[in-house]
Structures are given as structure tokens and as C-alpha cells.
2 protein chains.
Amino acid sequence: MKRKITLKQIAKELDVSISTVSKALRNSIEISEDTRQKVQAFAKLYNYRPNNIALSLKNRKTKTIGIIIPEIVHHFFSKVITGIELVANKRGYNVIVGLSNESFDKEVINMQMLANGSIDGFILSIAKETLQQQDYHHFIETINQGMPIVMFDRVVKEIPCDKVIVDDVDGAKKAVEKLIENGCKNIAIITTKDYVSVGKLRTQGYLEALDDHKIHPKSSLILKIEDKLLSDDHLDELEKDIEQLFKSNKQIDGIFAVNELYAVTAIKVARKLGLKIPESLQVVSFTDGVLSKHSTPSLTTMSQHGQNIGEKAADLLINRLELEETDEEEEETYETIVIETELIERESTK
Amino acid sequence: MKRKITLKQIAKELDVSISTVSKALRNSIEISEDTRQKVQAFAKLYNYRPNNIALSLKNRKTKTIGIIIPEIVHHFFSKVITGIELVANKRGYNVIVGLSNESFDKEVINMQMLANGSIDGFILSIAKETLQQQDYHHFIETINQGMPIVMFDRVVKEIPCDKVIVDDVDGAKKAVEKLIENGCKNIAIITTKDYVSVGKLRTQGYLEALDDHKIHPKSSLILKIEDKLLSDDHLDELEKDIEQLFKSNKQIDGIFAVNELYAVTAIKVARKLGLKIPESLQVVSFTDGVLSKHSTPSLTTMSQHGQNIGEKAADLLINRLELEETDEEEEETYETIVIETELIERESTK
DNA sequence: AAACTTCTCGCAAACGTTTTCGTGTTAAAA
DNA sequence: TTTTAACACGAAAACGTTTGCGAGAAGTTT
């Protein structure tokens, strides 16, 4: 109904110029105490707020940052967003979210939509499809156009940008070591196919842990799941695969699962087969989400500190944005922050 | 480095006017085939895209919608966002997210940040604190300034705007009826204090179901939890309360929990007390999230169809935005869409 | 040859700000 | 009285678009 009030309207109403109004509101000494008060009172009365879009256009920056993530219904990504939003707001930025839904095309489209002036920079985690196709031209292009990117979790080394990652290898290693310490002799891993970088890295950590303890890895103990979005119909298949794993390897006494879902499913299957947890089978998971915390038994897991990752990423991006502002042509040097993982012990281990 | 290219630059480069470039790119018949091709080729080469901010300023609309939710690390809200994002993108809109973190102040601040031109309309779910204080002036003000709002899930009737809700009373009723059908004689409810509207409504549904079946409600079977953000330290207290409930009411054979967390906690406690599920205790939950699906036993629950809610809300908002465009002063009439709940039967009931 | 059309294109305004630079008025200094 | 300084304000440009309108050139009709 009543459109938002503008400087022009205030100016007309008070019979002064637009510039006077603007200056009065910003407490410029150019304006007399008298008119300043008059203008400010009027502005307050009509609840004037400067139009963001106009400011963005003028300042050539929007004070908003774009987030592109594969999906939002996912504890880890939500946590990261929480972290980003927290520091973004604190530093006067807004956050605009795009979902790639793990699709290359949607990732590209979304980035294009946002890159046309809507945002000052990106924080993103790469879609699986993109990772598979290894087509990163859209990232390169936006960077070349002067728009900084910060990648987190799923990153690719070659792209010149800041990154925030978790030390997946180390985390996995620590997780497996926990099982070894606890006396497990036959530790299986449930992981993803290798094109999912985090899966690959965690598998690597598993192998390193075994190696460090002179345990010979057995390929029959390594179950690589084709993770097609973890759809519901896929769940049965997952259960079958895990059941097969147990049945053909009766000696398994420890499981390292690269995510919560694999872990709870493993526990479910193990129980069905009569295994007691943690007495005869111990399980360690990765990613500290609701399932780990609230399922029974609760899961011992490696926390990735998602919120922390988000906070770091946002700081990195905003720092760069505000640095650009002052010091134009500075040598480009990018940072990679590694967030420590942390073992959270719960009921699924002794 | 290389700033994004603008009409002005293209114009200078090709030695024509800005308007010619603009028209050429939009295939205006005013421009000769020749120059049109020339301009388009050049634009393509330099990957020209119109600046969104400038467009927003000119058109006085941003084609982005603002979402304000209490928290994002929450299956239901994430699902809603997924839904909103889905139809928003399909209809050419972007989505910008603000988190109120259940705080009144943050809700107000966030809305102010976005309302100054950054977005065309809001989709939101009210913070608990706001609900408690019953201070809705910020909603009223933004609506009065001509910015439409669509509320979902946590709404307040008096505010003149479109709403998308779940029939909590009916859903709760159906849930409890399921327990009754399954032979439960002593059904307890674990719910929130009444100021949380959904808790109140679901409690009401519980009572109605009992009433319909001539079962006399017992206040000792109604456990109202003070839900302070469900923080971790609060969890112990929750467990104690539930344990107390069971111990002082040994005859309980059915539990209706108004959210997943209450349900899994109830199950955990019940098991500790030696109850078998679903043989000696059946549990129905509300909200279909990861916990319901993947914890053991999996939970029979009322699904709220979060994504559906999001889709409907987005459609409602965009419809209104695009209607305003054509038909200015139209009588204001608001819609409330009720999304059907659906019982999903799993292992926690017979 | 004069009067119309038809094509092409550029000018200028508008969206809402901020800010630089003038400019006119008044008061103080010479 | 004249020059100068301080003060209070306005005009205009800029950010990047789109678009109505005017205008020159060329061609067509009388």
C-alpha cells in the first residue's frame, strides 16, 4: 500500500534538496543543527531506511554473500550455514542460498544467477556431479571476473581460492586408531566410491591407521557404496550389502563408517545378526549429527565442527572482500584452513 | 581483476550508444539486423550479463524472496527451504535466508535488513520468543509498507497475510487414534508448554482423540516440557522427566510425542526400564525426520510434508507478487492453506 | 520537387543513493 | 567600505539498466 519513503519524498515534503536530506541524516557538519534535527525527526517519523539496492548499485557491492551447497537437508551443511550466517551478520553481511542438489547444471545456473551483481563473493561446496565430471570452468570464470570464492569440505586443489577443509585422512585415522586401541582386530570400513573425495580420503586414513599398527588390510573388509543421493529405495540395497559384509566376514569386531547413515544401518544389521554393541562389535562414525547423538546406542563419532567451518569460511571471504577494498592490486595468495576433527565417545564403543 | 563488462563499455567499444546496445541485445526491431548481430556477438564474446542490482533498482523489484526461520539445523525447516527454493528457482526467483535463532531481536533485525529493498516478500516462521512476547509490530509494519508476507507452521491468526499450516490438531488426533486402534489403553503425551502453539494444538488433538473414544484424560499422563532450545544439558532433564512419567504411571502402553526427539528419548528411557517396543509400549511421533527413519526401532510418525509446505508458501507469495504487478488496487483477501498430515507406520507401533 | 513513410539510432529520464564542487548569504577582518 | 572567511545549502554526476520519443537519412509516393 504505502510505498517505502525515499529521500526525494522527504526532500519535497520539507522543501529542501535531496542532498541536504542525505547529509542531514548522515550528520554532516555541512548542515545546520536546525535542519538536521528537522530532517531526522521527519525521517524517524516515517521510518525512513536507505534503499539497499540503490546503495549496492552506487557502492558496487552488495554486502551479501552467496552460498551454494549440494543440499540443505543435511546436518553438516546446515551447521555450516549457521556458522556462516553467524559471522556474516555480525560483520554486516547477508546470506543468500542456492542449492545445487548435487547437479552440475544447477550449480552452474545458480552461480550465474548470483554472480550478476547480486553478491560480493561465494562460499560453496562442490556438487558430486561436478566432482565426477571434473568440469570446473564456472569456478574459474567467476574468479577471473574478480569475484572471490571460498570452498569448504568438498574442494579441488587446483582452483585458486581460499579453502576450509577438514583433515579427513587424519580424522579417519584417529577414528580407526580408537577401534584398534579398544582391542578390535578385524576392522571393516563402510565408505563411498572413490570419486567422492571425502570418501576416498577417509578410506586412505583407514588404511594408514592399519598400516601404522602393522595390520594388513583385507579388501574383503572394505565396502564401497555407490551413493546415489542416499535415496530411500537405495537403503535396502545398503542393508543387503552390509549384511553380506558381516556374513562373509564373521570375525569383524569393529566398523568404521564414513557417515552416520552407514553407521546406524550397520548397527541395525549387526543387531539383527545377533551382535551386541559395543561388546562384540564396536562402531565409529564420521560427522556428528542428530543420528549420532540420539539413536540408540548413541554413536562414537568424529565431529567435523561444521559450524566452525562455516565461521572460518565466512571470515576468510569477508576478509578478502574488505582487503580488496583498500589495497587494490595485491599479490594473490590463497589460504587453506584445516579444521581439526574431534573424537566424541559415546555408546557404540567400549 | 577483470571487472564485469557493462553496456557502457560495449557501447564505447562498438562506437554506438548505450541504448542501441541494450535494444540490440533484447532483439528490438528498432535496431538493424547488422548492428544487432555485431552487438550480440561482442556481448557473447565478453560474456555479458545484465547487472541484477541495476535491474532491481529500475524495476523496483528484486526477484528474490526472504526467508526467516528460527533455525536451520532442523529437518523440518530445511525441508521447507528445499521446497521454497525449488519453486522459487523455477519461477525465476532467488532465496535469501535469515535465521532468527528463536530470538525476537534477531527476527526484527533480520527483517529490517532485508526489507530495505533487498527482497520482494517474506516467507517466515515465527520465533518462539516472539510468540511468547506476542509482539508482532514488525510483521504489521512490513505488511503496511506493501511487502507481502507468507507465514508457515508457526503463525498467528490476527496478522493479515497468507499462511500455510499443518493441521496439528487433526494430525495429533490421527496419531493418537492409531494408538487407540492398536489397543493402547493408557496413552501418555509428551508435549511442550502451551505457549508453543504447535505443542498446544497437538495436545488439543490428543485430548480430542481421547474424548472421541470416551477415554478420560488423566493429567498425570500429560507431560509438558519446557523446551529451552533443546540444548544438550537440557537433555538429561528431559530424560529424568520422562523416567518419572513412566515410574509413576506403570500402566502406560502408548506414547504420543510431539516431536522426534521426545519420541526417541522416551524409547531410550522405556528400554532402560525394560519395556519392549512395540510389544509392551507403542510410540507415535510427529515430524518425519532422519531420527524417525533411521533410529532403531524406526518411528511411526506423522509427516508434515515440509517440502510441500515450502512449495505452497512460495507459490502463494509469488502469485501475490505477480498479481500486484498487474492489478494494483485489489481488495485484500488472504488465504490459509492447510497441508494434510500423513501417518507413516514403522516399527514403533504394532 | 514536395511531402510522406520507413529505418536506424541516440537523448534523456528514471530507479534511490552519496558525494564533490559550486554558490549565495552572512558575519568577521582589513 | 571592501575583502575574506565561515556557513548552509543545492546542482549534478555516478552506479547500470530500460524505454519513450525525437530526429536524421533514405526511400517512396504524389
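Straight-line distance from the CD1 atom of A/Ile31 to the C1' atom of D/dG10: 9 Å, rounded to whole Å. One can place NZ of B/Lys63 at 16 Å from C1' of D/dT18, the figure rounded to the nearest angstrom. As rounded to whole Å, 15 Å separates atom C1' of D/dG10 from atom CG of A/Leu14. Regarding B/Ile29, its CD1 atom lies at a distance of 11 Å from the C1' atom of C/dT8, rounded to whole Å. Separating the CD1 atom of B/Ile53 from the C1' atom of D/dT18 is a distance of 16 Å, rounded to the nearest angstrom. Look at CD on A/Gln37: it is 16 Å from C1' on D/dA8, rounded to the nearest Å.
Side chain of B/Asp15 to main chain of B/Ala11: no donor-acceptor pair is present (N/O by atom type, distance under 3.5 Å, no hydrogens or angles). A donor-acceptor distance shorter than 3.5 angstrom exists from the side chain of B/Ser78 to the backbone of B/His74, with no hydrogens or angles considered. Between the side chain of B/Ser56 and the main chain of B/Asn52, a donor-acceptor pair closer than 3.5 Å is present. Listed for the A/Arg154 side chain is a donor-acceptor partner under 3.5 Å among the backbone atoms of A/Ile126. A distance-only check finds a donor-acceptor pair linking the side chain of B/Lys106 to the backbone of B/Leu99 [under 3.5 Å].
In terms of phosphate contacts, A/Ser56 brings no side-chain nitrogen or oxygen within less than 4.0 Å of OP1 or OP2 of D/dC15. For D/dG10, the OP1/OP2 oxygens have a side-chain nitrogen or oxygen of A/Ser17 closer than 4.0 Å.
Among the heavy atoms of the strands, none lies under 4.0 Å from B/Ser28.
B/Arg320 pairs with exactly one of B/Asp162, B/Asp120, B/Asp315 by the side chain to side chain donor-acceptor pair (under 3.5 Å) rule, that one being B/Asp162.
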What string of B, S and - do you get for nucleotides 16-23 of chain C, 5' to 3', when a contact is any protein heavy atom under 4.0 Å?
BBBBBB--
